[in-house]
Amino acid sequence: YDFEVGKECDVRVDMVCVLEGDEGVDCAAIPPAESASDCKQIVRYTYTVKNSSPTAQTVESIIRTQDDETKDLAEGEQVLAPEGEADDSLVLTETFEVDICDGDSIDTKVEVTMEKPEGQ
């Protein structure tokens with residue numbers, strides 16, 4: 001007799017990075033600088049945290065690590081509704097100034113911790 005137990009908690013995080021002011025340009029496709037004044041560019045990251053589980057979940061932390069800097073993007077605990085309901089996701093944005101002339105890559109990671117709300 002085989003059966004499968006579904007996940008009780010499941011979360012999906014989508015991350016998008018675009019050139020600020022030019023939404024059609026992905027960060028990975030920013031053109032090379034034509035002069036030294038073009039080296040500093042403003043980019044915008046958008047993080048979408050989606051509850052993919054059948055029960056509500058409480059976001060406890062959204063840890064963004066970029067190079068050596070870590071920041072908790074969660075603004076207190078927030079309950080996300082079950083998947084498919086109106087409030088099943090949370091969208092956060094940040095902007096950064098980056099130097100596209102220094103040759104360094106920018107490594108950005110996001111880790112979300114969620115918990116089922118008490119009483120559910």
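These figures come from a predicted structure and were not determined experimentally. Each residue takes its place number in the sequence, starting with 1.
Atom-to-atom distance recorded for S105:OG and D67:CG is 7.0 Å, nearest 0.5 angstrom. A distance of 11.0 Å separates OG1 in T55 from CD in E83, rounded to the nearest 0.5 Å. Atom CG in L90 sits 8.5 Å away from atom OG1 in T48 (nearest 0.5 Å). Residue S61 holds its OG atom at 11.0 Å from CD of E115, rounded to the nearest 0.5 Å. To the nearest 0.5 Å, atoms OG (S52) and CG (D10) are separated by 5.0 Å. Note: T58 OG1 to E60 CD = 7.0 Å, rounded to the nearest 0.5 Å.
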Should M114 and N51 be marked as a side-chain contact (heavy atoms from CB on, under 4.5 Å) after you check the CA-CA gap, both sets of side-chain angles, and the distance that decides it? CA-CA 9 Å; M114 295 175 70; N51 180 10; 4.2 Å; yes

Verdict with supporting geometry, V18 and V43, side-chain contact (heavy atoms from CB on, under 4.5 Å): CA-CA 6 Å; V18 295; V43 297; over 6 Å; no

Assess the residue pair I42 and F96 against the criterion (side-chain contact (heavy atoms from CB on, under 4.5 Å)); give the C-alpha distance rounded to whole Å, side-chain angles, the decisive distance to 0.1 Å, and a yes or no. CA-CA 6 Å; I42 304 295; F96 294 97; over 6 Å; no

For side chain to side chain donor-acceptor pair (under 3.5 Å), just list the numbers for Y47 and T93, CA-CA rounded to whole Å, side-chain angles, deciding distance to a tenth of an Å, and then say yes or no. CA-CA 6 Å; Y47 314 100; T93 60; over 6 Å; no

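Hydrophobic clustering (ILVMFWY, side-chain heavy atoms < 4.5 Å, transitive): L92 and I106 are in one cluster. Hydrophobic clustering of Ile, Leu, Val, Met, Phe, Trp and Tyr side chains at less than 4.5 Å, counting indirect connections, unites V13 with L80.
The two residues V79 and A56 have their closest heavy-atom pair at CG1-CB, 4.0 Å. Nearest heavy atoms, D72 versus I62: OD1-N, 3.1 Å. Taking both residues in full, the closest heavy atoms of P31 and V25 are given as CD-CG1, 4.4 Å, listed atom of the first, atom of the second, then distance.
Residue D87 qualifies as open at atom CG: its count of foreign heavy atoms under 6.0 Å is 12 or below. Residue-environment remark: CD (E97) exceeds the threshold of 12 foreign heavy atoms within 6.0 Å.
In this structure, the side chains of T46 and V91 come closer than 4.5 Å at one or more pairs of heavy atoms.
A donor-acceptor pair under 3.5 Å is absent between the side-chain atoms of D22 and the main chain of L19, judged by distance alone. Between the side chain of Q41 and the backbone N or O of D38, at least one donor-acceptor pair lies under 3.5 Å.
Using a 4.0 Å cut-off between charged side-chain N and carboxylate O, E94 and R44 make no salt bridge. Using a cut-off of 4.0 Å between Lys/Arg side-chain N and Asp/Glu carboxylate O, K50 and D88 are scored as salt-bridged.
Each of E69, E111, M15, K109 was compared with R64 under the side-chain contact (heavy atoms from CB on, under 4.5 Å) criterion, and only E69 meets it.
For the disulfide (SG to SG under 2.5 Å) condition, the pairs that include at least one residue of residues 27-81, sequence neighbours left out, are C17-C27, C39-C101.
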